[in-house]
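Remember, it's a predicted structure, so these values are computed and weren't measured experimentally. Both ligands and their constituent atoms are indexed starting at 1 by order of listing.
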Amino acid sequence: MLAGSMNNDNDNVIDLISDSGDDFDSDSDDPTSTNVTSGENGGGQSVCFQDEDLLRSTPSSSRSNINDNDDVYVYDSPSSHRMLPASFGGHNSASNNELANVNDMQARPNLENRFMDPDESAVYQEALQNISLDKREDDLDEGVLSVSLLKHQKMALAWMVSKENSSHCAGGILADDQGLGKTVSTIALILKQKSQQSKFMCADSDPLKSEALNLDEDDEAVTVVDKEKQSVNDGPKKDLDASLSTAASTSDVKPSSSHMDIVPNRIVESKVERKKTKTGTSSASSTMRSMMRPAAGTLVVCPASVLKQWANELNDKVSQSARLSVLVYHGGARTKDPSELAKYDVVVTTYTIVANEVPKQNADDDQDQKNGEESSVGNKRKPPSKSKKRKKKLKDSDIDLDSGPVARVRWFRVVLDEAQTIKNFRTQVAKGCCGLRAKRRWCLSGTPIQNSIDELYSYFRFLKYDPYSTYSSFCTMIKHPIARNAVHGYKKLQTVLRIVLLRRTKETTINGEPIINLPPKTIKLQKVDFTKEERAFYLTLEERSRQQFKEYAAAGTVKQNYANILLLLLRLRQACDHPLLVKGHQSVFKGDGSIEMAKQLSKERVIDLLARLEVSALCAVCRDTPEDAVVAMCGHIFCYQCIYERITTDENMCPVPNCRNTLSTESVFSSGTLKICISGKTSTHAIASSSADDELSSISQSSYISSKIQATVDILNSIINMHALTDSDTIESNPNRVSPVKAIVFSQWTGMLDLLEFSLNSNLIQYRRLDGTMSLNSRDKAVKDFNTDPEVRVMIMSLKAGNLGLNMVAACHVILLDLWWNPYAEDQAIDRAHRIGQTRPVTVSRLTITDTVEDRILSLQEEKRAMVNSAFGEDKSSAHATRLTVDDLRYLFRI
Ligand SMILES: Nc1ncnc2c1ncn2[C@@H]1O[C@H](COP(=O)(O)OP(=O)(O)OP(=O)(O)O)[C@@H](O)[C@H]1O
């Protein structure tokens, strides 16, 4: 275990998780956010804690069911390994226990008093009210959905409806495991509440009604649109399939081309809106503009990769008679007219678009975060006063002109799918989502907490879950109580969460019955050996990295060189996949015009950009370790996917605050592109294989089949050939006869996918590919081909582009080519196949090379799981928070 290798030197604790805005943010899925334990008590599960993460260790019995002997994890135990305990969801087998917290409050006023704050009385009241609602179910009239809701979905529907009707925090977090049908539950909610939504959308035309319904407390002025100025317009009625085929590509979207079944009487006169917005920037006109903000239906915000899937589900799961009008709001040619959005029951868009179109929260918000960070335990600061709020809202109106259509309507409901996207409250995307005006707010996430308690704050802020929606209150009322007394602090947190969060795992039972009968999932850790040459290559690299680290340590500059150290680790991880990745092999992205652009730059500039790229720790958009890192002309670093989505859909401004640099696909460079310019060679392969000092050139060729690739191909071949059919096969006895066995292969590096492709081609294995550089239409087609074409047996995907949301039950094997710091990203990937609709046992192969950095990553992953579990577990013995220490890094470098 990791901790076993560490000493007690707490003086060595370094703060590798920055508190505010620097590069080492607590959001990142790199070791900085792993909250690794360090040896405080001389080995074992000792930890070095600070108040940031406030986490405790878990007894081994409550951890995942790990068989140490054969490295097979079997996820069929009733005690889920996942991050929230039974008591959180409130709707699982522990449904009686889960009420204990609230009952405690009733029965023992002392407990209540221990944390009761005047601002929290509404929370307390709701906790009391909720006691009796636990097992309620709700359903839709027959024929509204094309499928029947499962029992747990009926329970979710009842809970969501009651939450929406709650006076305090209308909405919540549906945190069911991946693949348990959150999308369908949410669609059921939209349908169930359709009449309320329609009332909201129509109330614009009746000021009295608007006031009586108190329709939008978020707005500074209730929108009053003269009925006479509304045009009744049925709009172009096109069917959803047609709209999808035009709307989802990044290049071929026509404004308003994706309308269907427009709700009559709901069209705000767009000319009026446009005229108003053109008339200058005076406060009068901005107030007017605000008043003219039309009321719209439900906005679904999701990652680009699942945009089409959402639209498809809205189409497929709703019967013809109850059909919802749906707009896929995406692509450079999307409408600029907010009233256009207000015509639809549901608008589906991406996080990138929300981040771009919604004005970021202003200084008040930042000040609040500062207050929270600065305030010490017991030193409570007041949340912003009402007058301040008012001021802020007026400012919002003033910046209305800068905002896009999604920010210029009042939504009835906003749903954030894969809501962990906003887990870092400091990111633009989190701020953008919080800036949306909405009456009801939902977060959907199978992995709501990945790194720290702070992630909850981001959801609470979005949900406007008062009083915890300001950072200072969140710290005072949640973080600090945990720091003071973990037992009571967590109990309180569980109670607070129980009101807004519903979670069931695949192992949850209702009345003794599993909520879902999925075939089992088996995860195998498959250890692969390097060849002699690969081992030699790796050892040389490792030795160099170790020396470098020692130099930093000797100079006392480990912290300052943190980005460099991450890069050293990255190289070691890549070496485990294929030596060529270390040599700079990277996909030259399809249609990449940037080589020509880079050639125009001076050599110094190119070298400078390459240097920046090579020390990049985090993507400036997602704040994760960049996948397929690119550097922009301004020097900022991004994942290619993160920036590609932005520059192909929007105004092309660099998303880094105060950097107004214009970006295009031609002006962001991969290291491969820059190296081509420096060397004058035409391909990265050529550079890699022609290095003068490359004594190991035979394994640095793109045609070289690395051990991991060989292992992957072996697995694939055995899967494909395994199910030889006999004459006696029936559909029942051998379902593979009708649906051939298929596999998904994930890697973090598109360069690795390129290299794998060589072997798949030479083995005549038919495959499709999905990565972040592909248009949404191409991705959708790849998924469809994989799911429906019996000849296509393999899907190769980049982890970032493919691990969220997609339904791929055609696969019953998943191969993870490399390990990720954050084990939850792997869980998400695996659950593309292990979800409702899967009929066969799912086998997962995690490939690792023995005796390399990957062994240590495995330990880190387990520590991370234990950390997240322990945040909510039963063991109260060691209530501390964790930080990555110098010793942790020594451990990673085997020093
Ligand atoms: N009641 C139902 N009947 C039939 N199929 C269903 C039902 N509910 C969900 N499904 C199907 O199960 C699959 C998983 O559902 P869904 O995508 O809603 O899960 P999810 O919880 O949103 O997953 P993720 O967290 O991965 O996004 C989908 O293919 C969906 O169509």
Side-chain angles (χ1 to χ4, degrees), residues 82-84 89 91 137-140 142-157 160 173-192 300-319 346 348 350-351 415-421 423 442-450 501-506 508 510 515-519 521 744 746 780 783-784 786-788 797 799 801-811 814 824-839 842:
R82 295 180 192 277
M83 74 291 292
L84 297 178
H91 294 253
E137 292 177 27
D138 206 341
D139 207 345
L140 294 164
E142 201 152 314
V144 171
L145 281 177
S146 64
V147 294
S148 305
L149 288 179
L150 301 168
K151 190 173 178 69
H152 72 279
Q153 290 174 316
K154 291 179 189 169
M155 292 169 83
L157 180 59
M160 292 173 98
I173 306 169
L174 182 59
D176 287 344
D177 244 354
Q178 290 99 227
L180 282 187
K182 295 184 289 298
T183 309
V184 174
S185 300
T186 307
I187 292 171
L189 174 74
I190 294 169
L191 291 164
K192 189 80 188 174
V300 175
V301 186
C302 62
S305 54
V306 286
L307 196 62
K308 292 198 82 171
Q309 190 170 283
W310 254 99
N312 288 333
E313 289 287 89
L314 283 159
N315 191 35
D316 299 345
K317 295 291 186 294
V318 182
S319 65
V346 184
V348 190
T350 65
Y351 283 100
V415 178
L416 303 185
D417 188 26
E418 305 298 351
Q420 67 278 5
T421 309
K423 66 181 189 278
W442 287 100
C443 295
L444 311 182
S445 174
T447 53
I449 307 174
Q450 299 186 344
L501 184 142
L502 173 61
R503 173 166 174 82
R504 283 78 54 90
T505 70
K506 287 169 184 158
T508 298
I510 299 173
I515 59 167
I516 186 159
N517 281 313
L518 276 184
K521 170 173 74 180
I744 311 173
F746 283 99
D780 193 51
V783 173
K784 271 198 185 124
F786 176 75
N787 279 336
T788 57
M797 305 217 272
L799 192 69
N803 75 336
L804 296 180
L806 292 171
N807 289 319
M808 301 184 72
V809 288
V814 177
Y824 296 107
E826 291 184 11
D827 289 352
Q828 285 160 341
I830 293 165
D831 285 345
R832 296 314 99 219
H834 195 240
R835 58 206 286 111
I836 296 178
Q838 182 56 265
T839 55
V842 171

Original post:
Can you list the residues that meet the salt bridge (Lys or Arg N to Asp or Glu O under 4.0 Å) rule with Asp176, with sequence neighbours excluded?
Top reply: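 By the salt bridge (Lys or Arg N to Asp or Glu O under 4.0 Å) rule, Asp176 matches Arg504.
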**OP:** Considering only NZ, NE, NH1 and NH2 on the basic side and carboxylate oxygens on the acidic side, decide whether Asp177 and Lys182 come within less than 4.0 Å.
**Re:**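 No, no charged N to carboxylate O under 4.0 Å.
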**OP:** Answer yes or no: is there an ion pair linking Asp831 with Lys521, defined by an N-O contact shorter than 4.0 Å?
**Re:**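 Looking at Lys521 together with Asp831, the answer is yes, because their closest N to O distance falls below 4.0 Å.
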Original post:
Going through the distances and angles, do Ile830 and Gln178 end up as a side-chain contact (heavy atoms from CB on, under 4.5 Å)?
Top reply: CA-CA 9 Å; Ile830 293 165; Gln178 290 99 227; over 6 Å; no
Quick check on ligand 1: any N or O pairs to the protein under 3.5 Å? One line per pair.
| residue | atom | partner | partner atom | Å |
| --- | --- | --- | --- | --- |
| ligand 1 | 1 (N) | Ser148 | O | 2.9 |
| ligand 1 | 1 (N) | Gln153 | OE1 | 2.8 |
| ligand 1 | 8 (N) | Gln153 | NE2 | 2.9 |
| ligand 1 | 17 (O) | Arg835 | NH2 | 3.1 |
| ligand 1 | 18 (O) | Lys182 | N | 3.4 |
| ligand 1 | 18 (O) | Thr183 | N | 3.0 |
| ligand 1 | 18 (O) | Thr183 | OG1 | 3.1 |
| ligand 1 | 19 (O) | Gly181 | N | 3.1 |
| ligand 1 | 21 (O) | Gly179 | N | 3.4 |
| ligand 1 | 21 (O) | Leu180 | N | 3.3 |
| ligand 1 | 21 (O) | Gly181 | N | 3.1 |
| ligand 1 | 21 (O) | Lys182 | N | 2.9 |
| ligand 1 | 21 (O) | Lys182 | NZ | 2.9 |
| ligand 1 | 22 (O) | Thr183 | N | 3.3 |
| ligand 1 | 22 (O) | Thr183 | OG1 | 3.0 |
| ligand 1 | 23 (O) | Gly179 | N | 2.8 |
| ligand 1 | 23 (O) | Arg835 | NH2 | 3.1 |
| ligand 1 | 25 (O) | Lys182 | NZ | 2.7 |
| ligand 1 | 26 (O) | Arg832 | NH1 | 3.0 |
| ligand 1 | 26 (O) | Arg832 | NH2 | 3.1 |
| ligand 1 | 26 (O) | Arg835 | NH1 | 2.9 |
| ligand 1 | 26 (O) | Arg835 | NH2 | 3.3 |
| ligand 1 | 27 (O) | Glu418 | OE2 | 3.2 |
| ligand 1 | 29 (O) | Asn807 | ND2 | 3.2 |
| ligand 1 | 31 (O) | Glu313 | OE2 | 2.8 |
| ligand 1 | 31 (O) | Lys317 | NZ | 2.9 |

**OP:** Compute whether any side-chain donor of one residue and acceptor of the other, for Glu826 and Gln828, lie under 3.5 angstrom apart.
**Re:**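 No, Gln828 and Glu826 have no side-chain donor paired with an acceptor closer than 3.5 Å.
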Subject >> Residues Leu157, Glu137; criterion side-chain contact (heavy atoms from CB on, under 4.5 Å); working and verdict >> reply: CA-CA 7 Å; Leu157 180 59; Glu137 292 177 27; over 6 Å; no
